[in-house]
Colleague: 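My structure is below; once you've seen it, I'll send some questions.
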Amino acid sequence: MDPTIRSNIKIGATVLVVQKQDQRTGKLTEGVVQRLLTNSQRHPRGIKVMLTSGIVGRVQKIM
C-alpha cells in the first residue's frame with residue numbers, strides 16, 4: 001500500500017515512520033498509529049502520524 005495516501009493509513013495499524021531528526025539517515029521506527037496529523041489526502045514524503053509511543057513521523061511503510 002502507498003504510504004503517501006491518507007486513506008491507506010488506519011488508526012491502530014502498524015507502520016514504519018521516519019522521524020524529523022532521522023530523515024538524513026533514513027532510520028525507521030516501528031509503531032502503532034494513534035493519530036493522523038496530515039489533513040491533505042496525499043503527501044509526497046508520507047503522511048505524518050503520531051504513534052502510541054508519542055513519536056511523530058512520516059509513514060514510510062505500512063506493515
Side-chain angles (χ1 to χ4, degrees):
M1 282 203 280
D2 188 351
T4 64
I5 301 173
R6 191 177 195 267
S7 60
N8 287 344
I9 301 165
K10 307 290 184 214
I11 292 172
T14 302
V15 296
L16 293 175
V17 301
V18 63
Q19 296 179 65
K20 181 76 171 179
Q21 67 268 22
D22 295 331
Q23 283 178 341
R24 288 183 189 270
T25 62
K27 178 179 171 245
L28 299 177
T29 306
E30 186 173 335
V32 177
V33 177
Q34 180 178 4
R35 288 180 55 206
L36 298 171
L37 302 177
T38 299
N39 289 324
S40 63
Q41 291 305 307
R42 292 178 164 270
H43 194 285
R45 290 187 303 275
I47 301 299
K48 189 180 278 188
V49 297
M50 178 184 284
L51 303 179
T52 53
S53 60
I55 292 170
V56 173
R58 292 197 182 274
V59 177
Q60 300 299 301
K61 187 171 184 185
I62 303 167
M63 304 303 276

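Only this structure's heavy atoms are used, side chains among them; waters, hydrogens and symmetry mates stay out. Along the sequence shown, the residues carry numbers beginning at 1.
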Colleague: As an exercise, state the distance from CD1 of Ile9 to CD1 of Ile62, rounded to the nearest 0.5 Å.
Modeller: 4.5 Å
Colleague: Among pairs that include at least one residue of residues 3-20, which meet side chain to side chain donor-acceptor pair (under 3.5 Å), considering only residues two or more places apart or in two chains?
Modeller: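 Those involving residues 3-20 are Asp2-Thr4, Gln19-Gln21, Gln19-Thr29.
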Colleague: Consider only side-chain heavy atoms of I, L, V, M, F, W and Y, link residues closer than 4.5 Å, and tell whether Val32 and Ile55 are in one cluster.
Modeller: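 Unlinked, Val32 and Ile55 end up in two clusters.
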Colleague: Just list the side-chain donor-acceptor pairs under 3.5 Å for residues 39-48, sequence neighbours left out, or say none.
Modeller:
unit_1: Ser40; atom_1: OG; unit_2: Arg42; atom_2: O; d: 2.9
unit_1: His43; atom_1: ND1; unit_2: Arg45; atom_2: N; d: 3.2

Colleague: For Thr25, check side-chain contact (heavy atoms from CB on, under 4.5 Å) against everything at least two apart and list the hits.
Modeller: Asp22, Lys27
Colleague: Cluster question for you: counting only ILVMFWY and a side-chain heavy-atom cut-off of under 4.5 Å, with indirect links fine, are Val33 and Ile5 together?
Modeller: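 No, Val33 and Ile5 fall in different hydrophobic clusters.
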Colleague: Got a sec, which residues hit side-chain contact (heavy atoms from CB on, under 4.5 Å) with Met50, two or more places apart in sequence or on another chain?
Modeller: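 Result, side-chain contact (heavy atoms from CB on, under 4.5 Å) vs Met50: Gln34, Arg35, Leu37, Val56.
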Colleague: If you apply the rule side chain to side chain contact (heavy atoms under 4.5 Å, CB included), what do you find for Leu51 with Val15, and how did you get there?
Modeller: CA-CA 9 Å; Leu51 303 179; Val15 296; 3.9 Å; yes
Colleague: Go through the structure and list residues passing side-chain contact (heavy atoms from CB on, under 4.5 Å) with Leu28, not counting sequence neighbours.
Modeller: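 With sequence neighbours excluded, Leu28 shows a side-chain contact (heavy atoms from CB on, under 4.5 Å) to Leu16, Val18, Gln60, given in chain and number order.
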